[in-house]
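In what follows, a single structure is set out as structure tokens and then discussed.
Model, not experiment: these values are computed from the prediction.
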Amino acid sequence: MCSRAVFRCFRWMERCADRVTGAAGPVFVTLAIVLLATGVFCFFEVIQPSLRWPLLTVPIDALIALNLLGQYYLACSVSPGFVDEQPRTEGKSPFWARRRKSLLARTGAAGIAGSGVRWTEDAAVNMTRAHVTRCKKCGQIRPERAHHCRICNRCILKYDHHCPFTGINQCVGIYNERHFVLFMAYLVLSTFCLSVLGYEKIWEAMGFSYTWQHRTPAVIYSLIYILSFVLCLAVGIMLTWHLWSICSGETSVENHDHDVYRKYAKERGQQIIHSGLSSFRKRKNLELFFNLGRDGYPLHSLLLPLRAMPYTDGRAWARRPGYDRHKGVQPGEELTDEDDDDE
């Protein structure tokens, strides 16, 4: 009785935190925009003029800043992909990356009919339809890898997590996960450059040497420098974890689920073998996540803030032959979203 009351109390606190997080999302976005713009201004006004070889460093630094701001905008503005939406199509504007024309595309070969996915020319990859279940919270029929977000109150295709604190104020799902990871990568690169190249300027800003002769107030530069150093470490760790999950073919939710599956299998003296992407090599998982390769986007598409489609619409997945389901997981052990009615 006591444990049940404590559980209900924690669940109530969790739902209150969800409401606060959802309401504060626009505040986080505004704060992120102000900090990003201030950091970029500080770099180009204080640090860039002191760098050697401006013909080389200015274009490189401008490209990094463009990707930082552009990928952040795409991570915020591109919808993560909801289960009740129709599969999306690729745009034709200059702001979209251009796919490579593979042999299958040139000969008019198609993927799974009506699924919006593409075939791969790699014989080791097999596109199969996703298994479907019914969400206990919203009643939607959803494909595997989709989860219900408590804050958005909708089922998200290839749900990773809801992200208010890095300033995108929405879920990370199948259509914006590429932009979210690239934003983190360019944020780490930008803050690293500011921390390393602005090392001498921080001493000037703190009054240890020379007189501060920049339009940016010394206190603002000092705060941006300290924040950049902290973000480089914190986001760098988060980026490393995300990249490892991508290499393993897992989302953040699936990383937790697979640990539970391993525990179940170990108790029976079995070994869990995951279906789908987690059975591929790490390089292949990276290619599929960023949709690179012979019938995807070229590698240089990662160097420009352009929109890009995933390799699938979330209703079919690439798998190795013979890996249609998790091996070692028995029926009834598959994890689903928690049901509030069970409290």
Taking C-beta and beyond as the side chain, do Tyr72 and Val29 meet within less than 4.5 Å on heavy atoms? yes

Within the structure provided, determine whether Gln140 and His148 are in side-chain contact (heavy-atom separation under 4.5 Å). no

With side chains defined as the heavy atoms from C-beta onward, is the minimum distance between Cys138 and Arg154 less than 4.5 Å? no

Does any part of the side chain of Phe183, heavy atoms only, come nearer than 4.5 Å to the side chain of Leu36, both counted from C-beta? yes

All heavy atoms of Ser50 vs all of Lys201, minimum pair found to be OG-CE, 3.9 Å

State plainly whether one hydrophobic cluster holds both Leu197 and Phe192, where clusters connect Ile, Leu, Val, Met, Phe, Trp and Tyr through side-chain heavy atoms under 4.5 angstrom apart. no

Let me see the working for Arg145 and Ile174 under side chain to side chain contact (heavy atoms under 4.5 Å, CB included), right down to the final yes or no. CA-CA 10 Å; Arg145 310 193 78 180; Ile174 190 169; over 6 Å; no

Side-chain hydrophobic cluster, 4.5 Å single linkage: members besides Leu66: none

Of all heavy-atom pairs between Cys42 and Ile224, which one has the smallest distance, and what is that distance? SG-CG1, 4.2 Å

Do other residues, nucleotides or ligands put more than 12 heavy atoms under 6.0 Å from Trp244 CH2? no

Can you get from Val230 to Val235 by hopping between Ile, Leu, Val, Met, Phe, Trp and Tyr side chains that sit under 4.5 Å apart? no

Within 45° cone and under 6.0 Å: Arg88 NZ/CZ vs Tyr175 ring: yes

Taking all heavy atoms of Asp160 and all of Ser252, pick out the closest pair and write down the distance. OD1-OG, 2.8 Å

Within a reach of under 6.0 Å around CZ of Phe41, are more than 12 heavy atoms found that belong to other residues, nucleotides or ligands? yes

Shortest non-hydrogen contact from Cys149 to Tyr159? CB-CE1, 3.8 Å

Using every non-hydrogen atom in the two residues, find where Arg129 and Glu144 come nearest and quote the distance to one decimal. O-OE2, 4.5 Å

Would you please classify the geometry between the His242 ring and the Phe180 ring as parallel, tilted or perpendicular, with 30° and 60° separating the classes? perpendicular

Within a strict 4.5 Å, meaning less than it, do heavy atoms of the Ser79 and Asn176 side chains meet? no

Examine Ile60 and Trp53 and state if one hydrophobic cluster contains both, with Ile, Leu, Val, Met, Phe, Trp and Tyr joined whenever side-chain heavy atoms are less than 4.5 Å apart. yes

Go through Thr251 and Lys158 one step at a time and tell me if the side chain to side chain contact (heavy atoms under 4.5 Å, CB included) criterion holds. CA-CA 8 Å; Thr251 64; Lys158 199 186 177 186; 3.9 Å; yes

Ignoring hydrogens and geometry beyond distance, is a side-chain donor-acceptor pair present between Gln48 and Thr57 at under 3.5 Å? yes

Before you tell me yes or no, could you show the steps for Ser245 and Glu250 under side-chain hydrogen bond (donor to acceptor under 3.5 Å, both in side chains), namely the whole-Å CA-CA distance, both residues' side-chain angles and the distance that decides it to 0.1 Å? CA-CA 5 Å; Ser245 296; Glu250 300 173 335; 5.0 Å; no

Compare every heavy atom of Leu304 with every heavy atom of Asn67, then report the nearest pair and how far apart it is. OD1-C, 3.3 Å

Can you find a heavy atom in the side chain of Leu292 that is under 4.5 Å from one in the side chain of Ser301? yes

With the side chain counted from C-beta on, respond yes when Gln170 and Cys163 share a heavy-atom pair under 4.5 Å apart, and no when they do not. no

Is any NZ, NE, NH1 or NH2 atom of the basic residue among Glu90 and Arg307 found under 4.0 Å from an Asp or Glu carboxylate oxygen of the other? no

Would Tyr199 and Leu194 count as a side chain to side chain contact (heavy atoms under 4.5 Å, CB included) here? Give the steps. CA-CA 8 Å; Tyr199 178 75; Leu194 194 150; over 6 Å; no

Let me check something: do Leu51 and Leu68 share a hydrophobic cluster, defined by ILVMFWY side-chain heavy atoms less than 4.5 Å apart, either directly or through other members? yes

Indicate yes or no: at least one non-hydrogen side-chain atom of Trp212 is less than 4.5 angstrom from one of Tyr221. yes

Please test Glu177 against Ile246 for side chain to side chain contact (heavy atoms under 4.5 Å, CB included), starting from the C-alpha separation and ending with a verdict. CA-CA 10 Å; Glu177 60 181 0; Ile246 293 169; over 6 Å; no

Does the structure place the NZ or CZ of Arg178 under 6.0 Å from the centre of the six-membered ring of Phe290, at an angle of no more than 45° from the ring's axis? no

